[in-house]
Amino acid sequence: MSTTRQTDEKRTPRAAGAYDHRAIEAKWQAYWDRQQTFRTLNPGEPGFDASRPKYYVLDFFPYPSGAGLHVGHPLGYCATDIVARYKRMRGFNVLHPMGFDAFGLPAEQYAIQTNVHPAITTRANIDTYRRQLKMLGFSYDWSRELATCFPDYYKFTQWCFARMFEAWYDEACAWPGPDGRRVVGRARPVAELEQQLSSGAWSVDATLGIVRAPAADGNRAWSELSPAEQREFINRRRLAYIDEIPVNWCPALGTVLANEEVDNQGRSERGGHPVYRRPLRQWMMRITEYAERLLADLEDLDWPEPIKLMQRNWIGRSTGAEVVFPLAGAFSWQDGRWRTRDGRPIVGRELYFHQDVIRIYTTRPDTLFGATYMVLAPEHPLVARVTTPEHRPAVDRYVETARHRSDLERTAETRLKTGVFTGGFAINPVNGERIPVWVADYVLMGYGTGAIMAVPGHDTRDFEFAKQFDLPIIAVVRPPDAWIHEQITTRGVDEDYCRRTGRARLPEQLLNSASAAAGIIGGITAQDATAVLDGDAGWVNQVAWPVYAAGPGIFHEAYCGDGVGLNSGRFDGLPTPEFKERIVGWLEEQGLGRGAVNYKLRDWIFSRQKYWGEPFPVLHGEDGETIAVPDDELPVELPQMENFRPTPVADDEHTVPAPPLARAKEWVSVTRGGKTWTRDANTMPQWAGSCWYYLRFIDPHNEHRFCGAEAEKYWSPVDLYVGGAEHAVLHLLYARFWHKALYDLGYVCRAEPFAKLFNQGMIQAFAYRNARGSLIGPDRVAHRGEDQFFDSQTGEPLTRIVAKMSKALNNVVNPDEIVSAFGADTFRLYEMYMGPLDASKPWNTQDVPGLYKLCNRIWRLVVDVDTGELSPALTDDAPDEAALRLLHKAIRKVGADIEALKFNTAIAAFFDFVNGVTRMERRPRGIIEPFVLLVTPFAPHLAEELWQRLGHSESLAYQSWPAYDEALARDPEVEIAVQVLGKIKARIMVAADADEKTLEAAALADPAVREAIRGKTVRKVIVVKGRLVNVVAS
RNA sequence: GCCGGAGUGGCGGAAUUGGCAGACGCGCGGGAUUCAAAAUCCCGUUGGGGCAACUCAGUGAGGGUUCGAGUCCCUCCUCCGGCACCA
C-alpha cells in the first residue's frame, strides 16, 4: 500500500512553525512514560485519592498474532482511550489497562510451520503489539500489562480451575449475595458437602442423589458407600469434571479439530484426512447449572439489546415436561396398569427411573396423544438395545455415516431428513399404543435427553420426516379455523401425499366443498377467505375441519401453534396452556413424567489436546482418583519441549489422542506420598485466560492472590467494556459464568463483571470482484477515472466491494504506515470519524488527509506557521457573544457525544468550531484554550503541545473538562419549517422558546402559507415547538 | 438452516429517536492567492425540469399506519457477524 501524501523531503522548505507530528508525538509519548502520567493508584497506595469516583474502562485484550496490529484492532482502543482521558478530566480515578491473550491455537500452528517455539514467537509478537499501541498514544497504565501465557498469570488461571474442581453446585442453596441480592443456587466447596455427609446430617439415595437428611428408608449414610462410590458421588457434582463427550477426532493429524477445521465431507481441512466424531474424555465446566442465573442477571446489564437477545437465545430456556416411554419389549400396559414383561405390576415411580424407558423432553406435553413414533439421536445409548437383529446392519450403517456430520449440517432445515427404523417399539404412556422407534440425525444428543417423541401433526421437522417415511400423522390440536382456511386458499393440498397414502378422494371432496361454499376456487385471496368464513362457518366445521382432523398430512405444513386439545381422550377441548398444566399433573401422579425446564446451553468442553495452553493443575492416581495440585505448588509450569507437535496415529477411530504434553515423560509422572501420579496432558482452551483477566488488571502484581480483595471491591465492576461483536456469546458468557463461580465461592463481590458493554464494528477494506465472482486484492487493481476498476494483469473490468481485511485478499492496512505519514492523532481522529463506533465500515486511506488537515488547522489556531511563535491573531481580549456561542456549543456537543460514544459527530463539532474560528480575525484565548481541552481525548499529542505553547507547564491530562453555559449553547432564534399537508411551504425565524400559539400565528401569517391554503378550510394545525408547524387544510 | 445486525448523494456518514433528508469530511467543479505548483482561503455540489422564482422525484424493493415515516408494522431482496475446539 502506498500513501499519497508527499514526504517532507519532497516539499518545499518547511516553515519553521509547521505542524510536525513526528516530533510532537515522540516528545509527548516520552513525557508520559517518564512522568508516569497514566500510572493508576490502587486503594491503600500512597497518594490514592479516595474522594474521586472510579471508572474502569477496558478493551477486549488482543491476541498477538504474527502479523501485528492492523487498523481494525485500534478502533475500540481509540474509543476507550477517549473515554479514559475524558473521565480523568472529569475527575475520575480511571483504570485503563492493556494486556495480551497469548495462549492459543494460531501461535501453536505458526510454531509448527516454522519450528520456532511458541513462547519465542509470542514474546516477539507481544513486543510488536506493545510498540504499536504505544505509538498510538493510548493512555494505558502500562505497569499493569499482563499476558495469559506467563506463569505468574496462569498460576492463578490454574488456581481458579482448582477452585472450580473443588466446588460443587448446590442448586437448592438460597443465600444473600455480598451485594445484598438473594440468589438461588450456589457453588460451594466440596469440603462442605463432604462434611455434611460424613457428619451424617445428609445421606445418599439409591441413584447417588443427595438426601438432605440423615440416612433412613433405604437411603445410605456416607460411611456405607465404597470409596469408589464416594468419589463418583463427588465427581458427579464438581463444577469442573471429566466426561466422555463427542469431539472431532482426526487420527492422521493426531488431534481433535474445531468444527471450522472440518469440511463438509467430514474430512480435515488440512490434509483431507478422515475425521471421526467420537466420545473422548474431556474436562467439562458445569456452566449449565448457571443457565438460570446467567439468563436472569442479563436484565440489569447495560448491554446492547441484540447482544442480550443473542445470549438469551444461546441459553435457550424452554419449559415443558420430561416423559418416559417404556420400551415395548420390557413393559406392557394391561388392565389399566403397567406391568413388567413377566407380568409384575409396576409400583410408584419405578418406571420413571427404570433404564428400559426412553426418556424424552418436550415443550408440548399437550401433544403426547399425537406421538406416532420416536426418534433417538444416533449417539443415544439405547440405540443398541432397541435395535432388532434384522435392522442392525442398516442402523449401524446409518449411525456410522451420521458421525461424520456436524450438528449444523444435521439440523439445517433445508436438508432432506434421513433416518432408519430400529425395529424396536415403545409404548406411548398416555394411551398404551405401540409406536416405532427410529434413529435420525436431526435429533441431537446434546439437546434435551437426545431422544424425542415425534408429533408429526404439530412439529415441522417431525411432519417432514413422517411424510418422507410414511409414518402416521394425526391431529391432536385444533388450529383456529382461519389457519385451515389459509392453508386451503394459499398453499393448497399436498396432492402427492394424498395419492400416496390413499386419501385421494378426501382433498377432492374438501376442495369441491370449499368451492361450493366460496363460489370460487384457486384465485381466492386471504381477505376473501375471511369473508368466506364469516359467510359460511358451517363449511369449515362440516367439511374442511373433519378432513384435517382425520389426517393433517393433507396440507403442506404442520400446525405448530396453540389451539384446543383433540383426539386426546379426557383432555379434549382444553386450550393448549391449560392442557399442558393438566397433563403434566397427570404424568406426575402416574410416575411417568414431570414438568421440566430445559436449556439449549451445553456444558463447556474445557480441554484441548494442544501444547500452547495452561496445564491442568491436577494429578491422576492409578486407581482413578483425581486430585488438585496444592495451591502452594502452583503454577504447574508448561514444560519446555523441543517437539510440541501432536502425534499422528494410525487411521483408526478407536485410537486415542496423545497430546504433546504426554510425551514430556518426566513432567507427567509425579510421586506423592509413595504413590505415583500422572499429570493431565491436556491444556485449557484459550477462553480460560480471558475469563478473568479483567480481575488481574486490578491487582496484577499480587503474588498471593489472583487479585486483592480491597482493590477488587474498589474497581469492580468494569464500567465500560468495548470489543467486537464476534464475541457476543462465547467469551462474554464464559467470563460471566467464571465470575459467578468466583462470586459464589466468596472471591469477588459482584455477581456480574461487566456493567456496560459496547460492541465496536469491524473495519473492512475495499476489494474487487471480477465477472466470475473472484475477489481480487487492491494490489492488482488499476483505476480509470473515479469509479472504474480493472484487473491490472488481465485487463478485466472489476466492481468494487467491501470485504473483511485479510491476508489472502492483500487488503490489510497497517497502522504503522498511516502513523508515519500522518501521525497518531490523525489516525485516531480518522478511525473515530469513519462512522458510528458500532457500525462496520470500510477503511479508505483517501479520506485520511481530511483529518490531517483538521490537525493542521487546529495547530494554526495557536501557532504562526511562518515563525513558530504564537499566532498574532491570538488575543487576550474577552470573546464576543458569537465566539462564546461557538465555544459553548462545541463543549456541549463534544461532552454529550463522548458520553454517548458518538465520536464521529463529536469530531464534526471540531470542524464546525474550526470553520467558525477560521473566519474570525481575532481569536480570543478565552475560546481557544477550552477548545484545546476538548480536543485532548481525541488528539492528545497535539493538544499537549498546544497547551504547553499556550503557556502551561503541566500536562493537561488531569485538567478539568470545560463547562458550558446552557444559554450560550443554544441559539436564541431558530428557523422552523411550515408545512401545508406535510409539504414544506415556508421557513420562518422565531424565538427558540416561542410557544405553540405564537408559532401557529406566525405560520398562518406567512404569505406562502396563505397562498397554499387559500380557499381551503384549516382543519387542524400541528405545532412542534422549535421544529415545525403543519397546517392541515382541505 | 437457525440467531443477531445493516442497507441514505460519486464515497464515509448526519438526522435532537415519528417532525425541514443529506450536518461534517472525502472527492469533484469554480474562484482568490502564486511566475507556477503545493499549501491555504472563499463559493458550489442528491437527481430530473426551468434563465430564474420555483417545481417534481427521492433514504434496498413492494405494501401499510399517521397531519407527517430514513425512523413504526407486514412481505421480500442483498450484505455482514455468530452457531459451542478460531478467538
Side-chain angles (χ1 to χ4, degrees), chain A residues 6 10-12 15 18 60 62-63 101 104-106 109 247-248 255-262 282 304-307 309-310 312-314 316 406-409 411-415 446 600-605 607-610 685-687 690 724-731 733-734 759 761-762 764 786-787 800-804 830 833-836 838-844 846-851 853-854 856-857 860 865 896 904-905 907-912 915 918-919 975-984 987 1019-1022 1024 1026-1033:
Chain A
Q6 296 182 348
K10 279 193 214 148
R11 290 203 301 184
T12 44
F60 285 18
Y63 176 81
D101 189 15
L105 195 61
Q109 281 178 345
V247 294
N248 303 312
T255 189
V256 173
L257 299 178
N259 287 338
E260 65 157 22
E261 296 175 295
V262 183
Q282 306 285 327
E305 208 46 55
I307 301 296
L309 191 55
M310 283 162 84
R312 283 188 200 111
N313 290 340
W314 188 264
S406 69
D407 288 359
L408 190 63
E409 201 188 335
T411 49
E413 277 182 17
T414 40
R415 188 174 141 254
K600 267 192 275 193
L601 182 69
R602 307 202 292 262
D603 273 346
W604 174 16
I605 304 183
S607 14
R608 302 289 183 270
Q609 291 70 39
K610 300 283 168 24
Q686 194 171 352
W687 307 111
S690 61
E726 64 272 20
H727 295 283
V729 178
L730 293 181
H731 160 63
L733 200 65
Y734 291 153
N759 288 118
M762 185 173 289
Q764 299 156 315
E786 276 170 53
D787 50 1
R800 188 165 84 170
I801 59 147
V802 168
K804 208 169 169 170
Y830 172 65
Y833 193 56
M834 287 173 76
D838 57 357
S840 290
K841 54 239 159 187
W843 176 275
N844 191 357
Q846 263 194 8
D847 289 342
V848 177
L851 284 303
K853 218 164 91 177
L854 176 64
N856 272 285
R857 293 179 72 190
R860 289 197 306 269
V865 175
N904 52 333
T905 51
I907 295 169
F910 293 158
F911 279 107
D912 282 335
N915 284 340
T918 303
R919 286 186 197 104
E975 187 190 70
I976 67 160
V978 184
Q979 301 178 331
V980 175
L981 289 170
K983 298 240 177 213
I984 290 168
R987 290 169 220 275
R1019 303 281 171 199
K1020 198 163 31 161
V1021 179
I1022 289 136
V1024 184
R1027 307 293 304 173
L1028 60 56
V1029 177
N1030 188 8
V1031 181
V1032 184

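Throughout, protein chains are lettered first and strands after them, A, B, ... in sequence-line order, and every chain is numbered starting at 1. What you see below is based on every heavy atom in this structure, not just the backbone, and it leaves out hydrogens, waters and symmetry mates.
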Pick the [atom1] atom in [N] and in [M], then give their distance to the nearest Å.
{"N": "C74(B)", "M": "A21(B)", "atom1": "C1'", "result": "25 Å"}
{"N": "C73(B)", "M": "G18(B)", "atom1": "P", "result": "11 Å"}
{"N": "G50(B)", "M": "U65(B)", "atom1": "P", "result": "36 Å"}
{"N": "A84(B)", "M": "G22(B)", "atom1": "P", "result": "46 Å"}
{"N": "U17(B)", "M": "C72(B)", "atom1": "P", "result": "14 Å"}
{"N": "C85(B)", "M": "G19(B)", "atom1": "P", "result": "45 Å"}
{"N": "G9(B)", "M": "G25(B)", "atom1": "C1'", "result": "14 Å"}
{"N": "U59(B)", "M": "G13(B)", "atom1": "C1'", "result": "13 Å"}

Report task. Might you point out which heavy atoms bring Val247(A) and Ile605(A) nearest each other, and give the distance in Å? Result -> CG1-CD1, 4.4 Å

Of the listed nucleotides [options], the one nearest the side chain of [X]:
{"X": "Val247(A)", "options": "U40(B), C3(B), C85(B)", "result": "C85(B)"}
{"X": "Pro106(A)", "options": "C86(B), C85(B), A14(B)", "result": "C86(B)"}
{"X": "Met310(A)", "options": "C42(B), G25(B), C3(B)", "result": "C3(B)"}
{"X": "Lys841(A)", "options": "C20(B), G13(B), C42(B)", "result": "G13(B)"}
{"X": "Tyr833(A)", "options": "G13(B), G25(B), U40(B)", "result": "G25(B)"}
{"X": "Lys1020(A)", "options": "A23(B), C86(B), C67(B)", "result": "C67(B)"}
{"X": "Arg602(A)", "options": "C24(B), A84(B), C20(B)", "result": "A84(B)"}
{"X": "Asp847(A)", "options": "A84(B), G12(B), G81(B)", "result": "G12(B)"}
{"X": "Gln846(A)", "options": "C41(B), C20(B), C26(B)", "result": "C26(B)"}
{"X": "Ala258(A)", "options": "C85(B), C24(B), G12(B)", "result": "C85(B)"}

Remember a base hit wins even if backbone is also touched, and classify [X] as base, sugar-phosphate or nothing at under 4.0 Å, heavy atoms.
{"X": "Val729(A)", "value": "nothing"}
{"X": "Thr255(A)", "value": "nothing"}
{"X": "Arg1019(A)", "value": "nothing"}
{"X": "Leu730(A)", "value": "base"}
{"X": "Asp101(A)", "value": "sugar-phosphate"}
{"X": "Leu601(A)", "value": "base"}
{"X": "Ile1022(A)", "value": "base"}
{"X": "Leu105(A)", "value": "sugar-phosphate"}
{"X": "Gln282(A)", "value": "base"}
{"X": "Tyr63(A)", "value": "nothing"}
{"X": "Met834(A)", "value": "sugar-phosphate"}
{"X": "Pro685(A)", "value": "nothing"}

Find the distance [X]:[atom1] to [N]:[atom2] and express it as a whole number of Å.
{"X": "Lys983(A)", "N": "C54(B)", "atom1": "NZ", "atom2": "P", "answer": "16 Å"}
{"X": "Leu257(A)", "N": "C85(B)", "atom1": "CG", "atom2": "P", "answer": "13 Å"}
{"X": "Leu854(A)", "N": "C26(B)", "atom1": "CG", "atom2": "C1'", "answer": "13 Å"}
{"X": "Gln764(A)", "N": "G5(B)", "atom1": "CD", "atom2": "P", "answer": "18 Å"}
{"X": "Arg857(A)", "N": "A39(B)", "atom1": "CZ", "atom2": "C1'", "answer": "13 Å"}
{"X": "Tyr830(A)", "N": "G12(B)", "atom1": "OH", "atom2": "P", "answer": "10 Å"}
{"X": "Leu1028(A)", "N": "G18(B)", "atom1": "CG", "atom2": "C1'", "answer": "11 Å"}

Report task. Take Thr918(A) and Arg857(A) through the test side chain to side chain contact (heavy atoms under 4.5 Å, CB included) and record every step on the way to the result. Result -> CA-CA 8 Å; Thr918(A) 303; Arg857(A) 293 179 72 190; 3.3 Å; yes

**Report entry** Centroid separation Tyr833(A) to Phe910(A) less than 6.0 Å
**Finding:** no

Requested in this report: May I ask you to test the Thr255(A)-Lys610(A) pair for a side-chain heavy-atom distance under 4.5 Å?
Outcome: yes

Query - Straight-line distance of Asn844(A) CG to Tyr830(A) OH, nearest 0.5 Å - result: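 It is 5.5 Å, given to the nearest 0.5 Å.
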
Query raised in the report: Between atom CD1 of Ile307(A) and atom NE2 of His727(A), what is the distance when rounded to the nearest 0.5 Å?
Result: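 Atom-to-atom, Ile307(A):CD1 and His727(A):NE2 are 11.0 Å apart.
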
**Report entry** Whether Tyr734(A) and Trp604(A) hold their rings parallel, tilted or perpendicular, with breakpoints at 30° and 60°
**Finding:** parallel

Verify the contact: side-chain N or O of [X] to OP1 or OP2 of [N], cut-off strictly under 4.0 Å; return yes or no.
{"X": "Arg312(A)", "N": "C3(B)", "answer": "no"}
{"X": "Asn915(A)", "N": "G25(B)", "answer": "yes"}
{"X": "Asn259(A)", "N": "A84(B)", "answer": "yes"}

**Report entry** CA sep, side-chain torsions, deciding dist, call: Lys600(A), Trp314(A), side chain to side chain contact (heavy atoms under 4.5 Å, CB included)
**Finding:** CA-CA 7 Å; Lys600(A) 267 192 275 193; Trp314(A) 188 264; over 6 Å; no

Query - Residue whose closest nucleotide on RNA chain B lies nearer the 5' end, Asn856(A) versus Asn248(A) - result: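 Whichever sits nearer the 5' end wins; that is Asn856(A).
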
Query raised in the report: On RNA chain B, nearest-nucleotide positions of Trp314(A) versus Arg987(A): which is more 5'?
Result: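 Its nearest nucleotide lies further toward 5', so the answer is Arg987(A).
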
Query - U78(B): syn or anti, per glycosidic angle within 90° of 0 - result: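 With its glycosidic angle more than 90° from zero, U78(B) counts as anti.
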
**Report entry** Syn or anti for G9(B) (syn when the glycosidic angle lies within 90° of 0)
**Finding:** syn

Report task. Do nucleotides 68-73 of chain B as a string where each nucleotide becomes B, S or -: B if the base has a protein heavy atom under 4.0 Å, S if just the sugar-phosphate does, - if no protein is that close. Result -> ------

Report task. Give a yes or no on whether the backbone of Pro836(A) and the side-chain of Lys841(A) come within a donor-acceptor separation of less than 3.5 Å. Result -> yes

Query raised in the report: Does the base of C80(B) carry an N or O that pairs as donor and acceptor with the side chain of Glu726(A) under 3.5 Å?
Result: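 Absent.
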
Requested in this report: List for me each residue that meets salt bridge (charged side-chain N to carboxylate O under 4.0 Å, His left out) alongside Arg312(A), sequence neighbours excluded, and say none if there are none.
Outcome: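 Residues passing salt bridge (charged side-chain N to carboxylate O under 4.0 Å, His left out) with Arg312(A): Glu299(A), Glu305(A).
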
Query raised in the report: Once Watson-Crick and G-U wobble pairs under 3.5 Å are found, how is RNA chain B written in dot-bracket notation, 5' to 3', with | for any base paired to another strand?
Result: (((((((..(((......[....)))((((((.......))))))((((....))))..(((((..]....))))))))))))....

